[in-house]
Amino acid sequence: MDRVIIFDTTLRDGEQAAGGTLNVQEKLEIARQLERLGVDVIEAGFPVTSPGDFEAVRLIAKEIRTPIICALARAHPEDIDRAWEAIKEAEHPRIHVFLSASDVHLVYQLKKSRQEVLETSREMVTRAKKYTDDIEFSPMDASRTEPEYVHQILKAVIDAGATTVNIPDTVGYAIPDEFGNLIEGILKNVPNINKAIVSVHCHNDLGLAVANSLEAVRRGARQVECTINGIGERAGNASMEEIVMAIKTRQDFFNLTTKVNTAQIYKTSRLVSELTGFVVQPNKAIVGTNAFRHESGIHQDGVIKMPITYEIMDPKTVGIPASSLVLGKLSGRHAFRERLAELGYSLSEEDFNRAFAAFKELADKKKGITDRDIESLIAEERRTVSEEYHLDQVQVSCGDRGIPTATVRLIGPEGKVLADAALGTGPVDAVYKAINRIVGVPNELTEFTVKSVTEGIDAIGEVLIRIESEGITYTGRGADTDIIVASAKAYMNALNRLLSARKAAG
Ligand code: KIV
Ligand code: ZN
């Protein structure tokens, strides 16, 4: 059976989603999980864009040994040289060169002729090929480019040494049958196409990214570029979990396979959601909280009698924890450790001790501790590692009489204790103003949402915020049984991300 290569671009196109910026450590953590998931290629970043991204790609290339590590480069000599610098220590390095191909891009953006673009593509692939054998080339906006010109470019870059040619539907404009025809035309009309893998890269502006990718696969493409949870520019990219599970579930139709360990899908989805701050919609296929929930009585009855009546996939196949065991105040280290293992966490002894202390603290406030509580608790612990400023204490006074007042104490760089107080229009505003007085980084709060992790009055509240500073959006998350404390934690998380991005930018 033929295999489809899964090229994961969560750390490059996914990170390009507005507000999805990840720091170096976060990118590394996702790359480790992508390796466990078994993707074939990790596009780790776009090294020329910032020193921080360069460093993230370099560290991933150094540490992650099984998948191909790919770095993106425009068709510019300095981009290609920088991409190679970042990935040269990889076990399997790949340089991905791209250049616009459509007339609309050539006329209005590049102001170059088709001949010039063709020449530059050939020259830049030749340059990249001096560094490594594994070269991918993308004619950007290919789905809006005259097919004959796409064929000419592909022939030229394959002659120059491209081993993968990627066909991007950059603006998510294509319709499945039309996109399939483009792929079939390439396979028929590019004379040297047998020397390269045909790849596709679809955006979701019309909600067709997965459909277009699958149609392309049906017509002969053998690499799909996709992201976890479908995150990416604008409406995002094709969702990796949907592509992989469609190929697996409908093997009878596609007669294809992938190398992905599907049992790692759910965990990867949660990690990416957690670190990017992009919440997964409840009805999202495969990984949404409702994806395997049956509400109607008829459906429930069917599933109890025989799951395949209404379930086309077993939730265990994608790693959704089967047990709903609830831990509590009397649960010990052993039970907690076992539950963590079942949920797919493997923590160092130090991290385990911190998590266990947080679990005990939570168990004092909340009756039954569910899997979602544990996930939220581990995420909160993870967020506070490598903070520049740490929230030590927060206290508010508020109500319908008097002015909301907050006092906060932070532990700053070199362990310095910093405290301040402020008045606000409400308790959260007062807390944020008090924090601003200490940290002193101007920014604007653009989004604030609070939701409870589970049902019940003692539930953990999760706060998600976005702040904007100098045109860049930073996301922050915080969790606590007290929503004012959760709000303060979310703000500290966003500020710490902002500070670390500025540091990485030099
Ligand atoms: O959408 C696109 O065209 C891209 C290219 C860089 C492949 O992301
Ligand atoms: Zn893209």
Side-chain angles (χ1 to χ4, degrees), residues 5-18 20 39 41-50 53 57 68-76 79-80 82-83 86-87 94-106 108-110 117 120-121 124-125 128 134-145 149-150 153-154 157 162-174 179 182-183 186 196-213 216 221 223-240 243 276 278:
I5 297 167
I6 298 297
F7 176 114
D8 184 279
T9 183
T10 306
L11 297 176
R12 199 279 297 169
D13 218 331
E15 206 212 357
Q16 268 172 239
V39 302
V41 187
I42 295 177
E43 186 163 53
F46 194 172
V48 83
T49 54
S50 73
D53 212 38
V57 177
I68 293 170
I69 305 300
C70 176
L72 185 68
R74 286 170 303 179
H76 292 172
D79 280 38
I80 292 169
R82 196 82 179 129
I87 55 165
R94 174 181 294 186
I95 301 176
H96 177 187
V97 182
F98 73 99
L99 182 57
S100 285
S102 65
D103 284 342
V104 65
H105 283 204
L106 266 56
Y108 297 108
Q109 195 180 10
L110 299 186
V117 164
T120 309
S121 305
M124 291 304 113
V125 168
D134 191 344
I135 304 297
E136 172 165 331
F137 181 82
S138 293
M140 189 153 79
D141 206 18
S143 56
R144 292 194 300 167
T145 306
Y149 181 53
V150 174
I153 297 184
L154 298 187
V157 296
T163 42
T164 299
V165 285
N166 178 47
I167 311 304
D169 180 24
T170 303
V171 290
Y173 181 74
F179 195 60
L182 176 64
I183 301 305
I186 288 168
I197 302 277
V198 175
S199 165
V200 288
H201 175 112
C202 298
H203 279 272
N204 206 28
D205 301 63
L206 293 174
L208 292 170
V210 169
N212 283 332
S213 306
Q223 175 177 287
V224 175
E225 303 201 352
C226 44
T227 60
I228 304 298
N229 300 336
I231 63 169
E233 270 292 343
R234 307 179 309 279
N237 289 65
S239 141
M240 182 262 174
I243 302 275
T276 56
F278 293 130

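Since this is a predicted model, take the numbers as computed values, not measurements. Below, all heavy atoms of this structure are taken into account, side chains as well, without hydrogens, waters or symmetry copies. We count ligands from 1, going down the list as the structure has it; atoms in each ligand are counted the same way.
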Any side-chain to backbone donor/acceptor pair from [X] onto [Y]? Under 3.5 Å, distance only.
X: Ser199; Y: Asn166; value: no
X: Asp53; Y: Phe46; value: yes
X: Ser102; Y: Thr145; value: no
X: Thr163; Y: Ile135; value: yes

May I ask you to check if ligand 1 and Asp141 share an N or O to N or O distance below 3.5 Å?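 Asp141 vs ligand 1: no N/O contact under 3.5 Å.
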Heteroatom N/O/S of Asp13 within less than 2.8 Å of the Zn ion (ligand 2):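 Of the N, O and S atoms in Asp13, at least one lies under 2.8 Å from the Zn ion (ligand 2), which means yes.
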Among the N/O/S atoms of His203, select the one at the shortest distance from the Zn ion (ligand 2) and name it. NE2
For N/O/S atoms only: which one belongs to His201 and is nearest the Zn ion (ligand 2)?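 Minimum-distance N/O/S atom of His201 relative to the Zn ion (ligand 2) is NE2.
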Candidate pair Leu208 and Cys202, rule side-chain contact (heavy atoms from CB on, under 4.5 Å), full reasoning: CA-CA 8 Å; Leu208 292 170; Cys202 298; over 6 Å; no
Which residue supplies the protein heavy atom nearest to atom 3 (O) of ligand 1, what is that atom called, and how far is it? Thr170 OG1, 2.6 Å
Top protein contact for atom 4 (C) of ligand 1, by heavy-atom distance: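 In this structure, atom 4 (C) of ligand 1 has His201 NE2, 3.5 Å as its nearest protein heavy atom.
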Please say which of Asp8, Asp13, Asn229, Thr9 ends up in a side-chain hydrogen bond (donor to acceptor under 3.5 Å, both in side chains) with Asn237.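 Filter result, single survivor: Asp13.
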Note: heavy atom closest to atom 8 (O) of ligand 1, options His203, Met140, Arg12, belongs to Arg12
